[in-house]
Amino acid sequence: MAGFDKDEFWTKILSMYPAAKENNYILKLDEDQVRELKELYVRLYIPIEKLEHYDEKKVMKKLMETIVSIYKLDKEPMSNEGDIVHLVNSVNYDGKNLYLHFARISPVKLRRFEIGKSQMQIAEKMGYTVSAIKNCEEPYSDLLRQPETLVHKLAKALECNVEDIMG
């Protein structure tokens with residue numbers, strides 16, 4: 001999949017991240033959740049005139065491929081630098097349940113994605129450099145080792161409480 005332009009699907013998968021994090025980054029979707037996700041997928045990706053060409057197995061295969069291929073290009077508007085961030089590393093389906101194996105994303109980066117801001121926008125709001133934000137977004141970054149002032153400004157810029165980004 002070249003890029004990812006279906007924000008509604010990205011948002012849906014992103015909304016599942018906190019639950020997956022609580023379960024070692026694995027989320028089991030039951031039949032109702034699978035049906036809901038499949039309906040969203042069909043609405044966004046399969047033109048109604050071509051729907052008759054898709055049986056249940058083919059729709060599930062395409063859905064799983066799409067989930068794994070979801071990425072967000074985390075690129076600063078003023079440069080060519082940036083990262084490709086994948087949400088889900090793998091997907092398994094046992095005929096009833098769908099198992100999503102999420103990538104580890106720092107709470108800081110996750111919150112920034114949720115509010116739709118770039119690293120540059122957060123840095124400017126805080127009065128810090130982009131590299132300071134990048135350091136805080138590392139998957140295993142320990143915000144307890146950062147200056148308290150930076151952490152409080154970061155939480156304010158991310159429109160959340162300090163506890164929300166401490167991981």
Only distances under 3.5 Å count here; give the side-chain donor-acceptor pairs of residues 48-55 to other protein atoms, sequence neighbours excluded, each with its distance to 0.1 Å.
from: D55; atom 1: OD1; to: K57; atom 2: N; distance (Å): 3.4
from: D55; atom 1: OD1; to: K58; atom 2: N; distance (Å): 2.8

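In this structure a side-chain-to-backbone donor-acceptor pair under 3.5 Å is missing from E22 to A19. N161 contributes no side-chain N or O that, together with a main-chain N or O of E163, makes up a donor-acceptor pair within less than 3.5 Å. Formation of a donor-acceptor pair under 3.5 Å by the S141 side chain with backbone atoms of N135 is found in this model. When atom types are taken as modelled, the side chain of R104 and the backbone of P139 share no donor-acceptor pair closer than 3.5 angstrom.
Across every non-hydrogen atom of V151 and L143, the tightest pair is CG2-O, 3.5 Å. Between L29 and V34, the shortest heavy-atom contact is O-CG2, 3.7 Å. In this structure, C136 and S106 approach most closely via the heavy-atom pair O-OG, 4.1 Å. The shortest non-hydrogen separation linking M126 to A157 is CG-CB, 3.6 Å. Of all heavy-atom pairs spanning D164 and C160, the tightest one is OD2-CB, 3.5 Å. Residues L154 and I122 share a closest heavy-atom pair of CD1-CG2, 3.9 Å.
The hydrophobic cluster containing Y17 also contains V91, counting ILVMFWY residues as joined when their side-chain heavy atoms lie under 4.5 angstrom apart, directly or transitively. Residues V108 and L144 fall within the same hydrophobic cluster, defined by Ile, Leu, Val, Met, Phe, Trp and Tyr side chains chained together at heavy-atom separations under 4.5 Å. Grouping the Ile, Leu, Val, Met, Phe, Trp and Tyr side chains by contacts below 4.5 angstrom, directly or via other members, places L40 with L98.
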Practice problem: List the steps, then state whether side-chain hydrogen bond (donor to acceptor under 3.5 Å, both in side chains) holds for Y99 with D94. | Solution: CA-CA 8 Å; Y99 299 87; D94 65 9; 3.3 Å; yes
Quiz item: Hey, mind stepping through K153 and Y128 against side-chain contact (heavy atoms from CB on, under 4.5 Å) and telling me if it holds?
Solution: CA-CA 9 Å; K153 286 184 176 183; Y128 280 77; 3.7 Å; yes
Quiz item: Which is it for F113 and V85 under the side-chain contact (heavy atoms from CB on, under 4.5 Å) test, yes or no, and what are the steps along the way?
Solution: CA-CA 10 Å; F113 287 162; V85 179; 3.7 Å; yes
Practice problem: Check the pair M120 / I133 against side-chain contact (heavy atoms from CB on, under 4.5 Å), numbers first and verdict last. | Solution: CA-CA 8 Å; M120 178 79 72; I133 307 309; over 6 Å; no
Quiz item: salt bridge (charged side-chain N to carboxylate O under 4.0 Å, His left out) between E138 and K109: does it pass, once the steps are laid out?
Solution: CA-CA 8 Å; E138 290 297 319; K109 185 177 275 194; over 6 Å; no
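Rounded to the nearest 0.5 angstrom, Q119 CD and S131 OG are separated by 10.0 Å. Here the OG1 atom belonging to T66 is positioned 5.5 Å from the OH atom belonging to Y45, to the nearest 0.5 angstrom. Put simply, CD1 on I67 and CZ on F102 are 8.0 Å apart, with the number rounded to the nearest 0.5 Å. Going from atom CZ of R145 over to atom CG of L150 covers 15.0 Å, rounded to the nearest 0.5 Å. Rounding to the nearest 0.5 Å places CZ of R112 at 12.5 Å from CD1 of I165. Annotation: the span from K28 atom NZ to L100 atom CG amounts to 12.5 Å, rounded to 0.5 Å.
More than 12 heavy atoms of other residues, nucleotides or ligands lie within 6.0 Å of NZ in K125, so this atom counts as buried by the packing criterion.
A side chain to side chain contact (heavy atoms under 4.5 Å, CB included) with L63 holds for exactly one of M60, E65, K61; it is M60.
The shortest distance between side-chain heavy atoms of N89 and Y25 does not fall below 4.5 Å. L37 is listed as a side-chain neighbour of M16, based on a closest heavy-atom distance under 4.5 Å. Contact of the T11 side chain with the E114 side chain is not registered, since no non-hydrogen atoms from C-beta on lie closer than 4.5 Å.
A salt bridge links E56 to K38: at least one charged side-chain nitrogen sits closer than 4.0 Å to a carboxylate oxygen. Note on E36 versus K12: salt bridge recorded, some NZ/NE/NH1/NH2 to OD/OE distance being below 4.0 Å.
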